Amino acid sequence: MTCDFKFAEAQGTNTPNSAGSVTGEQTNPSAVAAMAELGIDISDQEPKALTPEAAQASDYIITMGCGDACPYFPGKTYLDRQLEDPAGQGIEAVRPIRDEVKGLIEGLGAEIDAKKQG
């Protein structure tokens with residue numbers, strides 16, 4: 001869900017990527033439905049593992065409660081967000097998680113843009 005908002009990318013200044021330390025076999029159907037409610041189609045997305053290459057190419061690594069399962073790369077800015085895992089939950093439970101992720105992404109995009117301008 002995180003990457004698929006792409007608010008920062010729409011401004012042409014930041015390019016988000018999404019990956020996990022532990023991936024499922026398919027995208028959560030409730031997440032697909034919740035994102036579709038906002039006009040964002042993630043039905044063709046597949047879970048991806050965070051690779052060292054993807055992490056090295058990133059300026060920010062946003063973790064969502066993965067603890068020691070997340071790799072550490074010196075020189076990267078890490079932001080840890082404790083979010084409920086939407087895996088196996090219905091759409092009623094996924095909506096507030098989606099909305100929280102949206103707010104976090106919007107806030108981070110504004111923060112990154114402010115740093116670039118300042």
Side-chain angles (χ1 to χ4, degrees):
M1 255 189 305
T2 305
C3 175
D4 297 296
F5 281 110
K6 296 190 180 197
F7 293 113
E9 184 179 48
Q11 297 171 8
T13 57
N14 306 302
T15 303
N17 291 301
S18 179
S21 57
V22 177
T23 60
E25 293 182 22
Q26 68 178 21
T27 302
N28 180 339
S30 295
V32 172
M35 295 300 281
E37 291 177 346
L38 299 181
I40 301 170
D41 181 8
I42 63 169
S43 62
D44 63 344
Q45 299 296 308
E46 294 181 7
K48 297 179 290 264
L50 178 62
T51 64
E53 296 79 18
Q56 290 288 7
S58 301
D59 295 318
Y60 290 80
I61 297 177
I62 303 166
T63 59
M64 297 187 176
C66 64
D68 292 339
C70 291
Y72 177 78
F73 297 93
K76 304 299 174 185
T77 300
Y78 281 81
L79 304 171
D80 188 48
R81 304 296 190 241
Q82 297 297 318
L83 297 171
E84 189 172 347
D85 188 348
Q89 297 197 48
I91 193 165
E92 294 296 328
V94 171
R95 283 184 186 120
I97 299 167
R98 172 204 64 197
D99 295 343
E100 186 174 1
V101 168
K102 179 181 179 198
L104 291 169
I105 296 299
E106 289 174 331
L108 179 59
E111 179 183 321
I112 292 170
D113 289 341
K115 285 182 180 180
K116 287 181 179 180
Q117 293 174 5

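Side chains included, hydrogens not; waters and symmetry mates left out as well; all remaining heavy atoms used. Remember, predicted model here, so these are calculated numbers, not experimental data.
When all heavy atoms of Ile42 and Met35 are compared, the closest pair comes out as CD1-CG, 3.7 Å. Of all the heavy atoms in Ala31 and Val94, the pair that sits closest is CA-CG1, 3.9 Å. When all heavy atoms of Ala33 and Ile91 are compared, the closest pair comes out as CB-CD1, 3.6 Å. Among all heavy-atom pairs drawn from Phe73 and Pro52, the shortest one is CZ-CA, 3.6 Å. Across all their heavy atoms, Gly88 and Asn28 have their closest contact at N-ND2, 3.8 Å. Closest approach of Pro96 to Glu92, counting heavy atoms only: CD-O, 3.2 Å.
One finds the CD atom of Gln89 at 13.0 Å from the CZ atom of Arg95 (value rounded to the nearest 0.5 Å). Note that CD1 of Ile62 and NZ of Lys76 are 13.5 Å apart. Values are rounded to the nearest 0.5 Å. The CD1 atom of Ile97 lies 7.5 Å from the CG atom of Asp85; values are rounded to the nearest 0.5 Å. Atom CD1 of Ile40 sits about 8.0 Å away from atom NZ of Lys102, to the nearest 0.5 Å. Once rounded to the nearest 0.5 Å, the distance linking OH of Tyr60 with CG of Leu108 reads 6.5 Å.
Counting non-hydrogen atoms of other residues, nucleotides and ligands closer than 6.0 Å to CD of Gln82 gives a total above 12.
The existence of a salt bridge linking Arg98 and Glu37 is confirmed by a sub-4.0 Å separation between a basic side-chain nitrogen and an acidic carboxylate oxygen.
Within the 4.5 Å cutoff, no side-chain heavy atoms of Leu79 are placed close to those of Leu104.
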Side chain to side chain contact (heavy atoms under 4.5 Å, CB included) assessment of Arg81 paired with Glu100: CA-CA 10 Å; Arg81 304 296 190 241; Glu100 186 174 1; over 6 Å; no

